[in-house]
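A short write-up of the structure that comes next.
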Amino acid sequence: MSFNSQIITLNDGNKIPQVGLGTWQNKNSEATIDSVYQAIKIGYRHIDTAAIYGNEEEVGVGIKKAIDEGIVKREDLFVTTKLWGTQQRLSQQAIKQSLERLQLEYVDLYLIHWPVALKSRTIDPSDPKNYLCIPMNPDNESARDVDVNWTFVDTYLALQHLKKEGLAKSIGVSNFSINNLKELFKHPLFKIKPVVNQVEIHPLLPQDELIAFCKEHDIVCEAYSPLGSTSSPILTNETLVSIAEKLKIDVAQVCISWAVQRGYVVLPKSSQVERIERNFNNLAKLSDEDFATVSALKEKYGEKRFVKPDFTPFKVFE
Ligand code: A2P
């Protein structure tokens with residue numbers, strides 16, 4: 001088995017390809033369709049999207065094109081989407097709408113996108129897309145409009161039914177802290193463990209403690225923004241550039257290889273086919289010394305989290 005095609009078995013027995021294609025911020029329709037289609041042609045078998053990315057339709061068309069051309073069978077693909085905050089009270093409706101947009105009968109993995117419900121009272125329900133918005137708090141313009149009367153535990157209990165109904169083969173969470181997971185575990189109706197926790201992980205945010213906690217509970221971490229997201233300073237970091245030059249690969253591939261070696265799922269995003277190809281085919285096993293250098297980057301340059309929306313009064317990541 002080559003370095004880019006390793007499979008991890010989840011705690012419910014389902015299998016997830018370790019390297020997947022991230023699609024956040026891929027908006028342009030044609031480019032998104034093509035990036036998903038080309039990624040599958042290149043060999044990716046895992047595609048990650050979310051309702052709020054606003055690209056499920058394009059992701060679905062890219063997948064359908066690859067299936068129709070016989071490049072892949074549906075059952076050999078692993079597709080993830082995520083429940084947006086405005087629909088945490090309406091998860092069954094939300095997953096059905098996602099499936100319709102994706103043109104799929106089921107998703108392999110359905111995640112609670114953030115452990116916070118958002119208010120949807122002012123949303124006109126006549127068009128499902130109206131839910132795909134970020135309502136801001138009228139009393140605090142920088143914060144999202146949090147629905148304090150609904151908890152992520154309520155949402156997760158509903159997700160357990162979606163798995164039983166077969167709409168999602170597996171269920172999990174995203175952006176959950178250790179404390180959020182502990183709170184979930186102690187509810188008496190909590191029966192089905194999340195298979196994954198998708199969080200920001202990269203060399204400047206290695207998340208050692210969270211990864212160790214999840215491992216202890218048989219939950220696989222998934223790294224989003226593994227390259228540090230858009231305009232990432234990681235990609236120009238001098239230490240990483242020198243390792244990349246030595247190995248004759250991009251810094252992006254150093255970060256992806258480091259993640260693969262650390263043993264969790266990694267979801268690099270690119271809208272450019274050449275990069276999508278290199279991010280899959282140019283992975284390299286890092287020497288012990290290079291691996292240690294990347295792992296120590298945070299000590300040298302300081303910890304940096306790039307994705308940190310304001311959900312006041314809910315404190316995410318705590
Ligand atoms: P683009 O989509 O134009 O390729 P992350 O996965 O951490 O969210 O990072 C994604 C960012 O990294 C995007 O801005 C993406 O830009 C860029 N990117 C992805 N792969 C590479 C690569 N091999 N070399 C340089 N930049 C890359």
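In each ligand, atom 1 is the first atom listed, and ligand 1 is the first ligand listed.
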Checking contacts here: is it the side chain or the backbone of Leu235 that comes within 4.0 Å of ligand 1, counting heavy atoms only? Could be both or neither. side chain
Take the angle between the ring planes of Tyr224 and Trp24 and call it parallel below 30°, perpendicular above 60°, tilted in between. perpendicular
Gly228 N/O to ligand 1 N/O under 3.5 Å: yes
Just heavy atoms, cut-off under 4.0 Å: does Pro226 contact ligand 1 by side chain, backbone, both, or neither? both
Think Lys308 forms a cation-pi with Phe317, using NZ or CZ under 6.0 Å from the six-ring centre and within 45 degrees of its axis? no
With the threshold set at 4.0 Å, does a side-chain nitrogen-carboxylate oxygen contact exist between Lys15 and Asp108? no
Give yes if a backbone or side-chain nitrogen or oxygen of Leu227 is under 3.5 Å from a nitrogen or oxygen of ligand 1, and no if not. yes
For the residue pair Trp258 and Tyr264, does the interplanar ring angle fall in the parallel (under 30°), tilted (30 to 60°) or perpendicular (over 60°) class? perpendicular
Which bit of Asp250 gets closer than 4.0 Å to ligand 1, counting heavy atoms only: side chain, backbone, both or neither? side chain
Can you check whether Gln272 has an N/O within less than 3.5 Å of an N/O in ligand 1? yes
Are any of the heavy atoms in Gln253 under 4.0 Å away from ligand 1? yes
Quick check: Asn279 and ligand 1, any N/O pair under 3.5 Å apart? yes
Look at the rings of Phe314 and Phe152 and say which category their plane angle falls in: under 30° parallel, 30 to 60° tilted, over 60° perpendicular. perpendicular
Parallel, tilted or perpendicular: which one describes the rings of His113 and Tyr53, with boundaries at 30° and 60°? perpendicular
Tell me which part of Ser225 gets within contact of ligand 1: side chain, backbone, both or neither, using heavy atoms under 4.0 Å. both
